[in-house]
Structure formats: structure tokens, C-alpha cells
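Structure first, then comments.
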Amino acid sequence: MSNEVKLRFCPFCGSPNAPRMYTRHGKDGWRDRFMIICDYEDGGCGGSSGWYHYPSEAVECWNRRAGETK
């Protein structure tokens with residue numbers, strides 16, 4: 001992930017090291033999509049943010065916690 005955005009711990013399992021950004025590259029004129037996943041290979045639980053059009057949207061969703069205000 002370029003610009004190394006800080007991802008918070010997984011809100012599901014609490015893993016601080018497993019969250020990773022994944023990119024699904026667009027084909028035939030479709031734009032790329034971005035998702036944060038708590039990676040099984042790094043001891044995570046598989047929780048994810050869902051797919052977003054921009055990396056910043058995926059990170060914002062992942063880092064948001066219920067009950068927190070900005």
C-alpha cells in the first residue's frame with residue numbers, strides 16, 4: 001500500500017497486524033476497487049470492509065468504530 005496509511009486493529013478479532021489493503025484491478029474501462037481484509041495468513045479472522053472506489057474510503061470505513069465521534 002503506497003503512502004502507508006495507518007490501519008487500526010481489526011474490530012472483529014482485535015489483531016493489530018493482520019489488516020491489509022487489497023486491490024481488485026478494473027478491466028475493460030472499469031475502475032479499480034479497494035478493500036481492507038483481516039488476512040488469515042497473518043493470523044486474522046477474515047473480516048473485511050467491503051469494496052470501495054478509493055483507497056481512502058476503504059481505510060476510513062475500516063478505521064471507523066461504532067459509538068466513536070470524529
Side-chain angles (χ1 to χ4, degrees):
M1 179 169 46
S2 63
N3 298 337
E4 286 305 312
V5 175
K6 178 71 173 150
L7 295 173
R8 292 179 69 179
F9 62 88
C10 178
F12 306 107
C13 72
S15 175
N17 301 319
R20 301 276 184 259
M21 181 173 296
Y22 286 86
T23 303
R24 179 170 50 190
H25 296 287
K27 295 179 183 170
D28 300 323
W30 292 90
R31 67 169 89 177
D32 292 347
R33 301 278 195 254
F34 304 91
M35 175 188 279
I36 310 299
I37 298 176
C38 186
D39 200 331
Y40 287 118
E41 292 182 13
D42 291 324
C45 67
S48 68
S49 67
W51 291 105
Y52 290 88
H53 291 284
Y54 302 100
S56 59
E57 290 176 326
V59 170
E60 181 181 336
C61 175
W62 181 264
N63 286 342
R64 183 175 42 233
R65 300 294 188 261
E68 285 186 350
T69 58
K70 287 187 176 185

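FYI, the numbering just counts along the sequence from 1.
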> Is there a side-chain contact between H53 and R33, using heavy atoms and a 4.5 Å cut-off?
Replying inline: yes

>> Quick check: is W62 connected to M21 through a chain of hydrophobic side chains (ILVMFWY, heavy atoms under 4.5 Å apart)?
In response: yes

> Considering residues at least two apart in sequence or located in another chain, which fulfil the side-chain contact (heavy atoms from CB on, under 4.5 Å) criterion with T23?
Replying inline: H25, D32, F34

>> Applying side-chain hydrogen bond (donor to acceptor under 3.5 Å, both in side chains), can you list everything that pairs with D39, at least two apart in sequence or on another chain?
In response: Y22

Output side-chain donor-acceptor pairs under 3.5 Å for residues 42-51, partner residues at least two apart or in another chain, one line each.
{"unit_1": "D42", "atom_1": "OD2", "unit_2": "R20", "atom_2": "NE", "d": "3.2"}
{"unit_1": "D42", "atom_1": "OD2", "unit_2": "R20", "atom_2": "NH2", "d": "3.1"}
{"unit_1": "S49", "atom_1": "OG", "unit_2": "I36", "atom_2": "N", "d": "3.0"}

> Can you tell me how far the CD atom of E60 sits from the OH atom of Y54, to the nearest 0.5 Å?
Replying inline: 13.5 Å

> Which pairs pass salt bridge (Lys or Arg N to Asp or Glu O under 4.0 Å) with one or both residues in residues 22-31, sequence neighbours excluded?
Replying inline: none

>> What's the separation between atom CZ in F12 and atom SG in C38, rounded to the nearest 0.5 Å?
In response: 9.0 Å

> With sequence neighbours excluded, what pairs up with R8 under the salt bridge (charged side-chain N to carboxylate O under 4.0 Å, His left out) test?
Replying inline: E68

